[in-house]
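Residue numbers run from 1 in the order of the sequence given.
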Amino acid sequence: MIELNYRDSKPIYEQIEDSYKKLIMNGALKADEKLPSVRSLATKLSINPNTIQRAYNELEAAGYLYSVPGKGSYVASKPKANKERIEGLKARIRELIEELRYYNISDEEIFEMVREGL
């Protein structure tokens, strides 16, 4: 389920995008599963349909969704990771490690966090 936090500084479309990414990565949404239409989700969340469309477009550009004209948007079997995206994720990991070290978290604790995440 998608929950929005209107007090969050993150734009609504990014919150929707992040929610769908998590649902897809956690297996709650399966490959080829149809997503709600832009109009129905906008009505359900009481937001502008353009906001939903932007989130869907971003998810499709990242390879999480595909659309079938006249039919709707569906979960892609696997996102297409490009070099730029992977490098961006690696940079985020490095930033997180730097921040953890700033807070005096040991390398062993960081390794344990990574192991737990795997």
Side-chain angles (χ1 to χ4, degrees):
M1 183 63 193
I2 295 177
E3 294 182 19
L4 302 177
N5 180 353
Y6 295 100
R7 294 181 182 189
D8 193 335
S9 63
K10 185 181 280 191
I12 298 297
Y13 82 92
E14 285 184 12
Q15 291 182 46
I16 294 166
E17 186 180 350
D18 289 347
S19 293
Y20 271 120
K21 282 181 184 178
K22 287 178 186 172
L23 291 168
I24 292 167
M25 288 188 286
N26 292 335
L29 292 174
K30 307 288 185 208
D32 300 318
E33 188 170 335
K34 189 175 190 304
L35 271 60
S37 71
V38 169
R39 189 175 309 273
S40 69
L41 187 57
T43 300
K44 184 176 183 179
L45 298 175
S46 299
I47 59 175
N48 190 308
N50 293 333
T51 303
I52 304 296
Q53 187 62 57
R54 184 169 182 186
Y56 280 16
N57 288 344
E58 295 288 331
L59 287 163
E60 187 169 355
Y64 287 91
L65 302 181
Y66 67 92
S67 61
V68 177
K71 300 286 184 187
S73 296
Y74 299 82
V75 176
S77 57
K78 278 286 184 184
K80 300 170 194 155
N82 59 36
K83 278 188 173 184
E84 182 180 305
R85 176 72 177 148
I86 290 175
E87 289 306 315
L89 291 170
K90 287 179 181 179
R92 284 175 46 197
I93 290 171
R94 284 190 284 279
E95 289 172 11
L96 289 171
I97 290 170
E98 288 174 19
E99 187 172 353
L100 287 167
R101 284 182 174 154
Y102 174 79
Y103 289 110
N104 295 319
I105 304 298
S106 70
D107 286 349
E108 292 78 23
E109 289 175 285
I110 295 170
F111 288 139
E112 185 56 35
M113 289 177 199
V114 171
R115 274 194 227 63
E116 288 173 5
L118 297 175

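Ile47 contributes atom CD1, which lies 8.5 Å from atom CD1 of Ile2 (distance to the nearest 0.5 angstrom). Going from atom OG of Ser67 over to atom CG of Leu59 covers 11.5 Å, rounded to the nearest 0.5 Å.
Note on residues 108-118: pairs passing salt bridge (Lys or Arg N to Asp or Glu O under 4.0 Å), not counting sequence neighbours, are Glu112-Arg115. Sorted by first and then second residue, the salt bridge (Lys or Arg N to Asp or Glu O under 4.0 Å) pairs with a member in residues 22-32 form an empty list; sequence neighbours excluded. Screening residues 44-65 for salt bridge (Lys or Arg N to Asp or Glu O under 4.0 Å), with sequence neighbours left out, gives no hits. Counting only residues at least two apart or on different chains, the salt bridge (Lys or Arg N to Asp or Glu O under 4.0 Å) pairs with a member in residues 5-17 are Lys10-Asp18, Glu17-Lys21.
Residues Val38 and Pro49 come closest through the heavy atom pair CG1-O, 3.3 Å. Taking every heavy atom of both residues into account, Glu33 and Ala28 meet most closely at OE1-O, 4.1 Å.
Checking side-chain atoms of Gln15 against main-chain N and O of Asn5 turns up a donor-acceptor pair under 3.5 Å. Asn48 contributes a side-chain N or O that, together with a main-chain N or O of Asn50, makes up a donor-acceptor pair within less than 3.5 Å.
Side-chain contact between Leu41 and Tyr56 is present, with at least one heavy-atom pair separated by less than 4.5 Å. In this structure, the side chains of Thr51 and Leu45 stay at 4.5 Å or more apart for every pair of heavy atoms.
Listed by chain and residue number, Ser37 satisfy the side chain to side chain donor-acceptor pair (under 3.5 Å) test with Ser40 (two or more places apart in sequence, or in another chain).
Both Leu23 and Leu65 belong to a single network of hydrophobic side chains, linked directly or stepwise wherever heavy atoms of I, L, V, M, F, W or Y lie under 4.5 Å apart. Transitive grouping of hydrophobic side chains (ILVMFWY, heavy atoms separated by less than 4.5 Å) keeps Tyr74 and Tyr64 in distinct clusters. Each of Tyr66 and Tyr20 belongs to its own hydrophobic cluster when Ile, Leu, Val, Met, Phe, Trp and Tyr are linked at side-chain heavy-atom distances under 4.5 angstrom. At a threshold of 4.5 Å between side-chain heavy atoms, the hydrophobic network of Ile, Leu, Val, Met, Phe, Trp and Tyr places Tyr13 and Tyr6 in two separate groups.
Remark: Phe111 CZ is loosely packed, at most 12 non-hydrogen atoms of other residues, nucleotides or ligands lying under 6.0 Å away.
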Would you tabulate the side-chain donor-acceptor contacts of residues 88-105 under 3.5 Å, counting partners in other chains and residues two or more places apart, or write 'none'?
from   : atom 1 : to     : atom 2 : distance (Å)
Arg101 : NE     : Asp107 : OD1    : 3.0
Arg101 : NH2    : Asp107 : OD1    : 3.1

